[in-house]
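Okay, structure first, notes after.
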Amino acid sequence: MASSLLSAPSQTLAPARLRGAPLRPAQARLPRGGLPRRGRALRVRASVAIEKETPESEPPPTFLRDDGDGAGSGSVRARFEAMIRRVQGEVCAALEEADGGGARFVEDVWSRPGGGGGISRVLQDGRVFEKAGVNVSVVYGVMPPDAYRAAKGAPGKNGAADGQKAGPVPFFAAGISSVLHPKNPFAPTLHFNYRYFETDAPKDAPGAPRQWWFGGGTDLTPSYIIEEDVKHFHSVQKQACDKFDPSFYPKFKKWCDDYFYIKHRNERRGLGGIFFDDLNDYDQEMLLGFATECAESVLPAYIPIIERRKDTPFNDEHKAWQQLRRGRYVEFNLVYDRGTTFGLKTGGRIESILVSLPLTARWQYDHKPEEGTEEWKLLDACINPKEWL
């Protein structure tokens, strides 16, 4: 599973001349959430109860109820939960090692009276990572119709009751979601999310069959293009896809480019990866294996890049450009992201939902990089997606 470190020397790109107002004023700082620093490997602390969540002191062996409703140890629900919790542990351990500065993840465990719970882990102000969040959740119960539409996206796709009268929808949702924001402008931000959904018929539409689907993806958002890094990242995504279907990578790569489109900016959030949703037109066991393979490919795709770029020299202009690109990241997540919308509409835990936002970001009036600069090249690739392989 592990991938060897890339062997070419690190690059330092010359600072570009940027048009517009100076880029050095203090950066806007987003709320930090007050997470404490600690000295031991992992600290569990009580959450502040928000709406429906109840803080717990320790994570349970499983968030599933032993009620005979798909909760057996061999069920897809149980195996998916076991996978995402294992991957959460592996990713957090690898990130702490890569950070190398003694920073550790703080863990919040919470339960949901209506069913399920989650584990949120956040590392802030590390040597390498400004903010890294790795969350898992396993929740079930009944969701309102607008939350169902947010989860499903376009109407008429895979929904048992898409043509039925709206009503509360029984659901099960489990997933792992992570966003990693390094300090160095030459080290890219990474996002990954893998999830499994089930819904039953709405209460006022009896007789419709249960539906299930998988969704997820892994995508890279650099501030500067270093082609060998981007090609390495995409090659790992392609390798994971090709193990199951050679059509997956080109299809899911395009889907990723289309999904992370910031309409009001006419540009993509980053340089893509893979993305899929509402996926249920293959064998369920095959798709469970595919989601598992993709989740296990996160570290081989990302850690070699971080190891190469975390100590690359940079200057104030590089950092200011990174902050402007993070502003785009915030815009997409708050305006367009389906996961954020679903979490807000289902009354989810707000700290977990918004953990994807960086600690710092920047908005500057009518900023445009000068054509031909490294900053312009990144923006051009976000406007005109490229084939990297």
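The analysis underlying the following values was restricted to heavy atoms, covering all of them including side chains, and did not include hydrogens, waters or symmetry mates.
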Quiz item: Would you say Lys183 has more than 12 foreign heavy atoms packed within less than 6.0 Å of its NZ?
Solution: yes
Quiz item: Shortest non-hydrogen contact from Gly175 to Ile84?
Solution: O-CD1, 3.4 Å
Self-check item: Polar side chain donor-acceptor pair, Ser356 to Asn333, under 3.5 angstrom
Solution: yes
Exercise. State, without any angle test, whether Tyr224 and Asp229 hold a side-chain donor-acceptor pair at a distance under 3.5 Å.
Key: no
Quiz item: Taking atom types as modelled and ignoring hydrogens, do the side chains of Gln364 and Arg362 form a donor-acceptor contact shorter than 3.5 angstrom?
Solution: yes
Self-check item: Non-hydrogen atoms of Val134 and Phe105 that approach each other most closely
Solution: CG2-CE2, 4.1 Å
Practice problem: Check for a donor-acceptor pair, side chain of Arg85 on one end and backbone N or O of Pro61 on the other, with a separation under 3.5 Å. | Solution: yes
Quiz item: Step by step, would you call Lys310 with Asp99 a salt bridge (Lys or Arg N to Asp or Glu O under 4.0 Å)?
Solution: CA-CA 9 Å; Lys310 63 185 181 181; Asp99 192 85; over 6 Å; no
Exercise. Report the residue from His191, Lys253, Gln237 that forms a side-chain hydrogen bond (donor to acceptor under 3.5 Å, both in side chains) with Asp219.
Key: His191
Quiz item: With no hydrogens and no angle check, do the side chains of Ser111 and Glu56 hold a donor and an acceptor under 3.5 Å apart?
Solution: yes
Self-check item: From NZ (Lys231) to OG (Ser235), nearest 0.5 Å
Solution: 10.5 Å
Self-check item: N-O pairing of Glu296 and Arg86 below 4.0 Å
Solution: yes
Quiz item: Below 4.0 angstrom, N of the basic side chain to O of the carboxylate: do Glu285 and Arg79 qualify?
Solution: yes
Quiz item: With a 4.0 Å cut-off, would you call Arg121 and Asp108 a salt bridge?
Solution: no
Quiz prompt | Student check: side-chain heavy atoms of Leu378 and Ser223 closer than 4.5 Å | solution = no
Practice problem: Could you give me the CA-CA distance, side-chain angles and deciding distance for Gln284 and Tyr196, then say whether side chain to side chain donor-acceptor pair (under 3.5 Å) is met? | Solution: CA-CA 11 Å; Gln284 190 177 35; Tyr196 173 67; 2.9 Å; yes
Self-check item: Over all atoms of both residues, closest heavy-atom pair of Pro222 and Leu271
Solution: CG-CD1, 3.4 Å
Self-check item: Those residues that, when tested against Arg268, pass side chain to side chain donor-acceptor pair (under 3.5 Å) (two or more places apart)
Solution: none
Self-check item: Salt-bridge contact Glu331-Lys263 (side-chain N to carboxylate O under 4.0 Å)
Solution: no
Quiz item: When the aromatic ring centroids of Phe80 and Phe197 are compared, is their separation below 6.0 Å?
Solution: no
Quiz item: What's the shortest heavy-atom distance between Ile274 and Cys256, and which atoms?
Solution: C-CB, 3.7 Å
Quiz item: With a 4.5 Å limit on heavy-atom distance, are the side chains of Pro182 and Thr189 in contact?
Solution: yes
Practice problem: Just say parallel, tilted or perpendicular for the rings of Phe290 and Phe244, cut-offs at 30° and 60°. | Solution: perpendicular
Quiz item: When you look at Leu359 and His181, which way does the side chain to side chain contact (heavy atoms under 4.5 Å, CB included) test go after all the steps?
Solution: CA-CA 9 Å; Leu359 280 185; His181 293 292; over 6 Å; no
Quiz item: Does the pair Val122 and Val106 meet the rule for a side chain to side chain contact (heavy atoms under 4.5 Å, CB included), with working shown?
Solution: CA-CA 5 Å; Val122 178; Val106 171; 5.5 Å; no
Quiz item: Between Arg325 and Glu267, is a salt bridge (Lys or Arg N to Asp or Glu O under 4.0 Å) present by the stated rule, with each step listed?
Solution: CA-CA 11 Å; Arg325 294 311 304 172; Glu267 64 189 65; 2.8 Å; yes
Practice problem: Please report the C-alpha distance between Thr360 and Glu130 in whole Å, then the side-chain angles of each, then the deciding distance to 0.1 Å, and finally whether the side chain to side chain donor-acceptor pair (under 3.5 Å) criterion is met. | Solution: CA-CA 9 Å; Thr360 58; Glu130 179 182 279; 3.1 Å; yes
Self-check item: Side-chain donor or acceptor of Asn193 paired with backbone N/O of Ser178 under 3.5 Å
Solution: no
Practice problem: Compute both the distance and the angle, then confirm whether Arg77 meets the cation-pi test with Phe172: under 6.0 Å from the six-membered ring centre, within 45 degrees of the axis. | Solution: yes
Practice problem: For side chain to side chain contact (heavy atoms under 4.5 Å, CB included), just list the numbers for Ile176 and Asn135, CA-CA rounded to whole Å, side-chain angles, deciding distance to a tenth of an Å, and then say yes or no. | Solution: CA-CA 6 Å; Ile176 181 169; Asn135 298 339; over 6 Å; no
Self-check item: Thr62 side chain to Glu81 side chain, donor-acceptor N/O pair below 3.5 angstrom
Solution: yes
Quiz prompt | Under 3.5 Å side-chain donor-acceptor pair for Tyr302 and His232 | solution = no
Exercise. Take the angle between the ring planes of His367 and Trp321 and call it parallel below 30°, perpendicular above 60°, tilted in between.
Key: tilted
Quiz prompt | Verify same cluster id: Leu389, Phe233 (apolar side-chain graph, 4.5 Å) | solution = yes
Exercise. Using the six-membered ring wherever Trp is involved, compare the ring planes of Phe214 and Trp212 and label them parallel, tilted or perpendicular (cut-offs 30° and 60°).
Key: perpendicular
Quiz item: Quick check: are there more than 12 heavy atoms from other residues, nucleotides or ligands sitting under 6.0 Å from NZ of Lys254?
Solution: no
Practice problem: Verify whether one side chain among Asn266 and Tyr261 offers a donor that lies under 3.5 Å from an acceptor in the other. | Solution: yes
Quiz item: Does Glu228 pair with Arg309 as a salt bridge, N-O distance under 4.0 Å?
Solution: yes
Exercise. Before accepting this row, confirm whether a basic side-chain N of the pair Asp278/Arg338 lies closer than 4.0 Å to the acidic partner's carboxylate O.
Key: yes
Quiz item: Is Thr373 reaching over with its side chain to a backbone N or O of Pro369, donor-acceptor style, under 3.5 angstrom?
Solution: no
Practice problem: Please tell me if the side chains of Val330 and Pro358 come closer than 4.5 Å, counting only heavy atoms from C-beta onward. | Solution: yes
Quiz item: Can you list the steps and then say if Val355 with Lys131 is a side chain to side chain contact (heavy atoms under 4.5 Å, CB included)?
Solution: CA-CA 9 Å; Val355 76; Lys131 186 179 181 185; 4.1 Å; yes
Self-check item: Stepwise salt bridge (Lys or Arg N to Asp or Glu O under 4.0 Å) test for Lys386 and Asp257
Solution: CA-CA 9 Å; Lys386 297 183 178 182; Asp257 289 336; over 6 Å; no
Quiz item: Do you know the tightest heavy-atom contact between His318 and Asn315?
Solution: N-OD1, 2.9 Å
Exercise. Sort out for me which residue in Phe276, Tyr282, Trp255 forms a ring-ring contact (aromatic ring centres under 6.0 Å, His included) with Phe248.
Key: Tyr282
Self-check item: Within one Ile-Leu-Val-Met-Phe-Trp-Tyr cluster: Trp376 and Val230, side-chain cutoff 4.5 Å
Solution: no
Quiz item: Nearest heavy-atom pair of Phe129 and Leu95: which atoms, and what distance?
Solution: CZ-CD2, 3.6 Å
Self-check item: Glu375/Lys368 ion pair, N-O < 4.0 Å
Solution: no
Exercise. Kindly give the cluster partners of Val179, where membership spreads through any ILVMFWY side chain lying under 4.5 Å from a current member.
Key: Tyr329
Exercise. Verify whether one side chain among Trp363 and Gln323 offers a donor that lies under 3.5 Å from an acceptor in the other.
Key: no
Practice problem: Report yes or no: does Glu96 contribute a side-chain atom to a donor-acceptor pair with the main-chain N or O of Ala103 at less than 3.5 Å? | Solution: no
Quiz item: Stepwise, does the salt bridge (Lys or Arg N to Asp or Glu O under 4.0 Å) test hold for Glu97 with Arg104?
Solution: CA-CA 9 Å; Glu97 182 177 357; Arg104 296 290 182 265; over 6 Å; no
Practice problem: Indicate whether any N or O donor in one side chain lies under 3.5 Å from an N or O acceptor in the other, for Ser177 and Tyr194. | Solution: no
